[in-house]
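To start, the structure itself, in structure tokens.
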Amino acid sequence: MSRLQHHTFRVRLTSAALGLGAVLALAGCSAGQVTETDTQVAAVAGGSGDAGGIGVRNATLSFPETGSRYAKGASAPLAAVLINDGAEADKLVEASSTYAASVDVAKNRTLPSRSALHAYGTEGSATPDQQEVSITLKGLTQDITPGVTVPVTFVFEKAGPLTVQVPIGEDPTPRPDTGGEESHH
């Protein structure tokens with residue numbers, strides 16, 4: 001083998017070894033239990049949390065009925081779904097927030113095993129097969145505008161406290177037709 005052939009062979013062998021090493025290293029990036037999707041959360045607007053078999057899902061303050069903010073001293077109804085995945089019934093004992101003088105919890109507070117309570121805020125009401133709870137933050141201690149999250153602590157008899165960051169929900173008013181191309185579909 002001539003010197004030139006030997007050099008060409010070495011360059012090719014080195015390139016192949018580096019290429020194979022890169023492929024193995026990159027393949028190792030997707031191995032194991034840590035993936036890009038292991039920390040994804042649901043694409044919902046509201047806050048969520050879990051404690052002792054109880055879950056709070058899509059918690060939002062209803063969008064203000066007038067204007068786009070809640071003024072200091074106002075009341076803000078809360079919409080959420082409270083879920084009991086546990087084997088025993090639980091009960092919502094109270095709710096509180098540092099952003100409110102008090103939180104009123106009315107209607108049904110009992111959360112049977114493997115069921116859900118729905119808090120509708122001002123957005124609707126329960127269907128006959130759903131259980132409903134009413135939760136309202138009263139005497140807000142400051143103005144609350146869209147984009148601000150409000151910590152609300154739900155205290156359950158068995159599961160204990162669960163604090164969820166709650167934003168103002170979406171404005172239910174339809175957006176005006178701007179006359180753009182997409183409005184003609």
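Start at 1 with the first residue, then count along the sequence.
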What I'd like to find out is whether the side chain of [X] reaches to under 4.5 Å of the side chain of [Y], using heavy atoms alone.
X	Y	answer
Leu111	Ile54	yes
Ser134	Thr136	yes
Pro161	Phe154	no
Thr141	Thr98	no
Lys158	Asn84	no

Quick one: pull up [atom1] in [X] and [atom2] in [Y] and give me the separation to the nearest 0.5 Å.
X	Y	atom1	atom2	answer
Tyr70	Leu137	OH	CG	9.5 Å
Leu82	Gln131	CG	CD	11.0 Å
Glu132	His118	CD	NE2	9.5 Å
Thr60	Leu78	OG1	CG	6.5 Å
Asn108	Leu117	CG	CG	5.0 Å
Asp50	Leu162	CG	CG	7.0 Å

Task: Lys72 with Asp143: basic N within carboxylate O range, under 4.0 Å - done: no

Closest non-hydrogen atom pair between [X] and [Y], with its separation:
X	Y	result
Tyr99	Gln142	CE2-NE2, 3.2 Å
Gly121	Ser62	CA-OG, 3.3 Å
Ala59	Val164	CB-CG1, 4.3 Å
Ala76	Leu140	CB-CD1, 4.2 Å
Gly139	Ser75	N-OG, 4.3 Å
Pro64	Ser68	CG-C, 3.9 Å

- [ ] List the steps and the verdict of side-chain contact (heavy atoms from CB on, under 4.5 Å) for Ser102 and Lys138.
- [x] CA-CA 5 Å; Ser102 65; Lys138 296 191 170 210; 3.7 Å; yes

- [ ] For Gln165, look at atom CD and say whether over 12 heavy atoms of other residues, nucleotides or ligands are found less than 6.0 Å away.
- [x] yes

Please say yes or no: joined through hydrophobic side-chain contacts below 4.5 Å, possibly via intermediate residues, are [X] and [Y] part of one cluster?
X	Y	result
Leu92	Val81	no
Val166	Val155	no
Val152	Ile83	no

Output yes when a side-chain donor or acceptor of [X] lies under 3.5 Å from a complementary backbone atom of [Y], and no otherwise.
X	Y	value
Thr149	Pro167	no
Ser97	Pro151	yes
Asp90	Glu157	yes

- [ ] Please lay out, stage by stage, how Thr153 and Thr163 fare under the test side chain to side chain donor-acceptor pair (under 3.5 Å).
- [x] CA-CA 4 Å; Thr153 301; Thr163 301; 2.7 Å; yes

- [ ] Show your reasoning for whether side-chain contact (heavy atoms from CB on, under 4.5 Å) applies to Ile168 and Val148.
- [x] CA-CA 7 Å; Ile168 289 182; Val148 172; over 6 Å; no

